[in-house]
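Worksheet for the structure shown next.
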Protein chains: 2
Amino acid sequence: MSVSETTDPGLLALAQDFREALRHSIYLVRRLDADGELSAAQLSTLKMLMDAGTSREGDGGSSAAGVRVGEIARNLGVRVPSATEQIIKLERAGLARREPDPEDSRAVRVRLTEAGVAAVASANERRNAVMAGVLSSLSDDERAALAAALPVIGRINATVQA
Amino acid sequence: MSVSETTDPGLLALAQDFREALRHSIYLVRRLDADGELSAAQLSTLKMLMDAGTSREGDGGSSAAGVRVGEIARNLGVRVPSATEQIIKLERAGLARREPDPEDSRAVRVRLTEAGVAAVASANERRNAVMAGVLSSLSDDERAALAAALPVIGRINATVQA
DNA sequence: GCCTAACTGTTAGGCTACCTAACTATGAGT
DNA sequence: ACTCATAGTTAGGTAGCCTAACAGTTAGGC
């Protein structure tokens with residue numbers, strides 16, 4: 001413990017407070033996810049597919065050829081079998097589609113269907129509205145403080161994922 | 001939808017960003033919890049018991065007579081049976097104890113044992129150190145922004161819980 | 001050219017945390 | 001006392017995650 005580099009008391013206090021905040025936020029997230037239709041992991045997956053490009057043929061399948069299962073797993077922070085499980089559910093719900101990767105026959109490309117595009121849009125809207133309701137009781141200063149911290153939290157999360 | 005009070009575009013954007021940040025943070029929390037010994041819910045419970053007073057007889061059991069199961073459930077954001085389940089596990093691990101409430105025979109008072117006190121301290125220290133390691137790469141400005149937002153997030157969580 | 005090693009996903013089996021419904025026991029009001 | 005509400009436990013089920021074992025594909029060494 002003598003050479004520890006993480007014993008800065010201020011940093012530890014911040015760590016503790018941040019942990020506490022995240023811990024409670026889990027229940028907030030749970031409430032948002034209780035919307036029913038889509039689980040958190042499923043919505044995250046759909047959102048990722050959305051960012052990677054829709055399944056519309058208008059794109060010609062050029063660069064947006066879908067996302068690989070392994071990449072989805074990494075992005076979700078889960079193992080590959082867990083990602084497969086969610087993807088299968090999305091497929092059964094008609095929201096996503098699996099296709100062979102033309103460049104690597106081992107791989108699978110996952111894409112959104114049109115129903116998936118609609119589903120992610122509606123689920124997002126609904127949850128954003130709920131969250132906005134929660135945030136509506138904040139003062140302007142509080143909102144500003146929150147907004148200022150979000151990029152920082154984003155950076156933290158990126159650090160962890162890498 | 002005409003009288004909706006949650007259609008302020010800025011608020012919705014903040015809501016979306018906050019949701020995104022929380023979504024990714026789940027994986028950070030998961031990593032912290034992967035420490036093994038205690039699940040998130042179990043550690044939260046222990047921490048709550050800690051705040052309510054230890055089981056030490058030196059306190060005379062005056063005001064810190066333990067926490068009721070229903071209160072634990074509410075604080076954890078879960079239903080009572082789920083709380084019971086976790087409490088039983090803690091009890092089996094020797095970290096907590098259940099005692100009848102002298103004032104209400106229906107109720108149960110849950111307290112930390114001395115082993116529980118030690119366990120929560122060590123688990124907290126470990127996780128704080130990990131989190132501090134993650135936070136150590138932040139700049140001073142970033143830390144300040146994060147610190148400023150934590151009370152706000154706390155208020156949000158309190159709102160939701162109420 | 002083949003043969004091994006590495007890689008991508010899926011399948012199988014198991015664990016944990018959560019839920020609802022049904023039950024027991026106690027307290028409180030009329 | 002009798003009824004109704006409250007506190008917690010028990011029973012049974014679901015969803016998401018995990019590891020281990022597997023099948024198919026690619027890539028590299030010889």
Side-chain angles (χ1 to χ4, degrees), chain A residues 23-24 26-46 49 65-93 95-111 161, chain B residues 23 26-46 49 65-93 95-111:
Chain A
R23 179 172 82 75
H24 278 115
I26 288 174
Y27 310 125
L28 204 172
V29 171
R30 233 199 308 268
R31 162 165 306 195
L32 289 179
D33 291 344
D35 261 16
E37 38 175 353
L38 288 172
S39 76
Q42 283 163 13
L43 181 50
S44 295
T45 303
L46 291 181
L49 296 177
V67 181
R68 313 232 323 216
V69 174
E71 197 174 337
I72 292 174
R74 230 176 319 111
N75 198 302
L76 289 181
V78 300
R79 302 290 177 183
V80 170
S82 304
T84 295
E85 190 177 337
Q86 296 307 323
I87 292 165
I88 288 174
K89 285 184 185 172
L90 290 176
E91 196 170 33
R92 275 206 278 259
L95 304 179
R97 211 184 328 159
R98 282 187 290 181
E99 305 175 350
D101 185 331
E103 295 171 13
D104 185 342
S105 307
R106 295 171 300 180
V108 167
R109 294 274 169 187
V110 184
R111 295 169 169 226
Q161 196 173 23
Chain B
R23 179 172 83 76
I26 288 175
Y27 310 125
L28 203 172
V29 172
R30 235 203 302 271
R31 162 166 306 195
L32 290 179
D33 291 344
D35 262 14
E37 38 175 354
L38 288 172
S39 76
Q42 284 164 10
L43 181 51
S44 294
T45 303
L46 292 180
L49 296 177
V67 182
R68 314 233 319 218
V69 175
E71 198 174 337
I72 291 174
R74 230 175 320 112
N75 199 302
L76 289 181
V78 301
R79 303 291 178 183
V80 170
S82 305
T84 296
E85 189 177 338
Q86 296 307 322
I87 292 164
I88 289 175
K89 285 185 185 172
L90 290 175
E91 196 170 33
R92 275 206 279 257
L95 305 179
R97 212 185 326 158
R98 280 187 292 181
E99 305 173 351
D101 186 330
E103 296 171 12
D104 184 343
S105 307
R106 297 171 300 180
V108 167
R109 293 275 170 188
V110 184
R111 295 169 169 228

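Everything numeric here is computed off the predicted structure, so don't read it as measured data. Atom set for the values below is all heavy atoms of this structure, side chains included, hydrogens, waters and symmetry mates excluded. Lettering follows sequence order; numbering is per chain, from 1.
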Could you go through nucleotides 6-8 of chain C and list every protein N or O atom that sits under 3.5 Å from one of its N or O atoms, giving the distance for each pair?
from  : atom 1 : to       : atom 2 : distance (Å)
C:dC7 : O2     : A:Arg106 : NH1    : 3.0

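- By the side-chain contact (heavy atoms from CB on, under 4.5 Å) test, A:Val69 pairs with A:Val80, A:Ala83, A:Thr84, A:Ile87, A:Val108, A:Val110, sequence neighbours left out.
- By the salt bridge (Lys or Arg N to Asp or Glu O under 4.0 Å) test, B:Arg68 pairs with no residue at all, sequence neighbours left out.
- Defining each end axis of the helix from C:dG1-D:dC30 to C:dT30-D:dA1 as the rotation carrying four pairs' C1' atoms onto the next four, with five pairs an end, the two axes are found to diverge by 10° to 10 degrees.
- Look at CG on A:Asp101: it is 12 Å from C1' on D:dT25, rounded to the nearest Å.
- The salt bridge (Lys or Arg N to Asp or Glu O under 4.0 Å) search around B:Glu37 returns B:Arg126, not counting sequence neighbours.
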Short heteroatom pairs, N/O only, protein and nucleotides 18-22 of chain D, under 3.5 Å:
from   : atom 1 : to      : atom 2 : distance (Å)
D:dC18 : OP2    : A:Arg79 : N      : 2.8
D:dC18 : OP2    : A:Ser82 : OG     : 2.8
D:dT19 : OP2    : A:Arg79 : NE     : 3.3

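- Residue contacts for B:Ser105: at a heavy-atom cut-off of 4.0 Å it reaches the sugar-phosphate backbone alone, with no base atom in range.
- Per the geometry, CD belonging to B:Gln86 stands 13 Å off P belonging to D:dT9, to the nearest Å.
- Following rounding to the nearest Å, A:Ile72 (CD1) and C:dT10 (P) show an atom-to-atom distance of 10 Å.
- OP1 or OP2 of D:dG16 has at least one side-chain nitrogen or oxygen of A:Lys89 nearer than 4.0 Å.
- For the pair A:Ile72/A:Leu49, a side-chain contact is recorded, criterion being any heavy-atom separation below 4.5 Å from C-beta on.
- Applying the salt bridge (Lys or Arg N to Asp or Glu O under 4.0 Å) criterion to A:Arg106, with sequence neighbours excluded, gives A:Asp104.
- Close to C:dA17, at under 4.0 Å from its OP1 or OP2, lies a side-chain N or O of B:Ser39.
- As a whole-Å value, the separation of A:Ile87 CD1 from C:dT11 P is 12 Å.
- For the pair A:Ile88 CD1 and D:dA15 P, the interatomic distance rounds to 15 Å; values are reported in whole Å.
- Residues satisfying the side-chain contact (heavy atoms from CB on, under 4.5 Å) criterion with A:Val29, sequence neighbours excluded, are A:Asp33, B:Leu22, B:Ile26.
- B:Ser39 is linked by a side-chain contact (heavy atoms from CB on, under 4.5 Å) to B:Ala41, B:Gln42, B:Gln86, counting only residues two or more places apart in sequence or in another chain.
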(message) Let's go through B:Leu38 and B:Leu95 carefully: what are the C-alpha distance in whole Å and the side-chain angles of both, what is the deciding distance for side chain to side chain contact (heavy atoms under 4.5 Å, CB included) to 0.1 Å, and is it a yes or a no?
(response) CA-CA 11 Å; B:Leu38 288 172; B:Leu95 305 179; 3.9 Å; yes
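- We find that CD of A:Glu103 is positioned 11 Å from P of D:dA27, with the value rounded to whole Å.
- The distance between atom CG of B:Leu76 and atom C1' of C:dC19, rounded to the nearest whole Å, is 15 Å.
- Evaluation of the side-chain hydrogen bond (donor to acceptor under 3.5 Å, both in side chains) rule for A:Ser44 yields B:Arg23 as partners, not counting sequence neighbours.
- Contact annotation for A:Arg98: backbone-only contact, meaning every heavy-atom pair under 4.0 Å involves sugar-phosphate atoms and none involves a base.
- Between the CG atom of A:Leu38 and the P atom of D:dA15 there is a distance of 14 Å, given to the nearest Å.
- With sequence neighbours excluded, no residue forms a salt bridge (Lys or Arg N to Asp or Glu O under 4.0 Å) with B:Arg30.
- For residues 80-93 of chain A, every residue pair satisfying the salt bridge (Lys or Arg N to Asp or Glu O under 4.0 Å) rule, not counting sequence neighbours, is listed here: A:Glu91-A:Arg98.
- Closest of all the heavy-atom pairs between B:Asp101 and B:Glu103 is OD1-N, 2.8 Å.
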